[in-house]
Novice: 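What follows is a single structure, and I will ask about it in a moment.
Here, residue 1 is the first one in the sequence, and each next residue gets the next number. In listed order, ligands and their atoms are each counted from 1.
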Amino acid sequence: MSKTLQITELPVAGYERVVRGVDSSCGLHAIIAVHDTTLGPALGGLRMWPYASEDEALFDVKRLSRGMTFKSAVAQTGLGGGKAVMIGDPKKIKSEALYLAMGRFVDALGGKYITAEDVNTSVADLEIIRRATKHVTGLEKKDGGSGNPSPYTAIGVFLGIKAALQWTFGSDSCKGKTVAIQGTGAVGSALAKKLVEAGAKVYGADKNTERLKQLEKEIGLVPTSENDIMTMKCDVFAPCALGAILHDESIPKLNTPIVAGAANNLLLEPRHGKVLADRNVLYAPDYVINAGGIINVSVEFNPGGYDEKVSLKKIERIPQALTELWTISKQERIPPSDAADRLAERIVADARGAKKTASLGVQGKRTGGG
Ligand code: NAD
């Protein structure tokens, strides 16, 4: 390992391991959080962000890595939850040396954490990281990876929207339904295409107006202002841009019976799940409906390697998972977001219990105890 990479443990209650990696020779200041590996190695993307302080970065990486444990648990990927953040402005600090140092940092965890693409990191960045560690996923298909996860996330969200239509209107048909998409980036634009093909009328808002114009030309998407997209009357509001947009001020302004989109951490606080339910808005818990990408990546770990057919079969289970959560939510009078959290917690706790029992069994055999 490089002599210039300094790794420090940050003891954080409730997390298996949180470590800081600093390499002043290239400006690396990163944190890896391994939340839970009960279900498998902790997989989660590597985010680069100009955090104002290390505390801010720590808060984010903790929140995100815990979210990955929940997402993988419900999606049954056989993986645990982790995340990594690099502190810095992507326009200023990106360099080959930086990513090589990050690769050495990931490698130092011996496979407990597996990295992937996230905000401000690309497949090209991961290719550099791979030179320093094998614990990288989401590489190009031509390199044996599962490729860009976004199209698979979009498939899952599309199927999830159909399940929400079925639940709300008694038919999963998109024909004649209006869908407002906030953010027509990698996932949002792929989703828009699928919805239009299925007969929906799609409205879209994005800071990138060029992309909107292109989608207007290509598929007849109706460009809408950033202000109107969240309050317009529609059958489905599909947030595919930012998190934390559902809160006390925004929820009363929604004019839709369904919120179902790709963006992570949509609820500003967990209690906002109840605020939505109290207004009769059906919510598709974010980490359940947007699991298509992680499901696709997880298929890289199959003994025979990546196989798209296996991935699509697993993604097709998303509507069923959502319908089960909405059923629990109705029966137990809890918001779907709480139903999802409880399910994830139970899956991890059961697996932890089973592991404990198995290890006690092994110890018992070793000591001859009965
Ligand atoms: P992206 O960066 O390609 O697209 C996001 C788009 O949102 C951009 O075009 C951006 O201009 C736009 N945007 C930003 N602020 C906006 C605003 N206020 N109003 C309207 N548009 C705005 O990202 P993506 O990969 O498409 O992911 C979208 C969301 O889904 C993110 O929250 C991401 O974390 C989440 N997600 C993505 C994946 C995946 O596979 N890519 C998987 C799970 C979750």
Side-chain angles (χ1 to χ4, degrees), residues 43-49 60-61 63-65 67-68 70-72 74-75 77 79 81 83 85 90 116-123 126 137-139 145-161 179-194 202-215 221-232 237-247 250 259-268 284-300 311 314-315 318 340:
L43 190 141
L46 166 63
R47 180 168 292 198
M48 184 184 286
W49 198 255
D60 210 27
V61 76
R63 179 180 71 90
L64 293 165
S65 62
M68 289 308 297
F70 281 31
K71 182 188 284 205
S72 264
V74 176
T77 61
L79 295 165
K83 201 88 184 180
V85 293
E117 210 183 323
D118 200 78
V119 178
N120 289 323
T121 53
S122 64
V123 173
L126 294 180
T137 54
L139 299 169
S146 57
N148 177 2
S150 307
Y152 300 93
T153 303
I155 294 171
V157 175
F158 172 69
L159 296 176
I161 287 177
V179 183
I181 303 182
Q182 181 183 49
T184 49
V187 179
S189 58
L191 174 64
K193 285 176 190 162
K194 291 198 150 298
V202 177
Y203 295 77
D206 201 296
K207 291 189 177 307
N208 181 338
T209 49
E210 280 310 306
R211 188 175 272 154
L212 282 180
K213 273 189 213 146
Q214 200 183 327
L215 287 168
L221 173 141
V222 183
T224 308
S225 75
E226 272 180 52
N227 281 342
D228 292 343
I229 200 76
M230 243 185 120
T231 55
M232 66 175 280
F237 170 55
C240 298
L242 311 167
I245 55 156
L246 297 170
H247 46 69
S250 63
V259 174
N264 280 313
N265 301 312
L266 281 167
L267 304 175
L268 180 63
D286 44 20
Y287 63 79
V288 182
I289 192 170
N290 74 15
I294 187 91
I295 290 171
N296 193 55
V297 164
S298 73
V299 174
E300 284 187 25
S311 168
K314 285 187 165 186
I315 294 170
I318 289 177

Novice: Is the backbone N or O of V74 less than 3.5 Å from a side-chain atom of Y287, with the two atoms forming a donor-acceptor pair by type?
Specialist: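 Absent.
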Novice: Does a side chain donor of either N148 or S150 reach within less than 3.5 Å of an acceptor in the other side chain?
Specialist: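 Yes, a side-chain donor-acceptor pair sits under 3.5 Å.
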Novice: Give a yes-or-no answer on whether the side chains of N296 and S311 include a donor-acceptor pair shorter than 3.5 Å.
Specialist: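 Side chains of N296 and S311: pair found under 3.5 Å.
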Novice: Between ligand 1 and the protein, which N/O pairs are shorter than 3.5 Å?
Specialist:
from	atom 1	to	atom 2	distance (Å)
ligand 1	3 (O)	A186	N	2.9
ligand 1	9 (O)	D206	OD1	3.2
ligand 1	9 (O)	D206	OD2	2.7
ligand 1	9 (O)	R211	NH1	3.1
ligand 1	11 (O)	D206	OD1	2.6
ligand 1	26 (O)	A186	N	3.2
ligand 1	26 (O)	V187	N	2.8
ligand 1	30 (O)	A262	O	3.3
ligand 1	32 (O)	A241	O	2.9
ligand 1	34 (O)	N264	ND2	3.2
ligand 1	40 (O)	T153	OG1	2.7
ligand 1	41 (N)	S150	OG	3.1

Novice: Side-chain polar contacts of residues 183-191 - donor-acceptor pairs under 3.5 angstrom, sequence neighbours left out - could you list them?
Specialist:
from	atom 1	to	atom 2	distance (Å)
T184	OG1	D206	OD2	3.3
S189	OG	G185	O	2.6

Novice: Among V259, N265, D286, exactly one meets side-chain contact (heavy atoms from CB on, under 4.5 Å) together with L246. Which residue is that?
Specialist: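 Answer to the side-chain contact (heavy atoms from CB on, under 4.5 Å) test with L246 among V259, N265, D286: V259.
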Novice: Any non-hydrogen side-chain atom of I181 less than 4.5 Å from a side-chain atom of V202?
Specialist: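 In contact.
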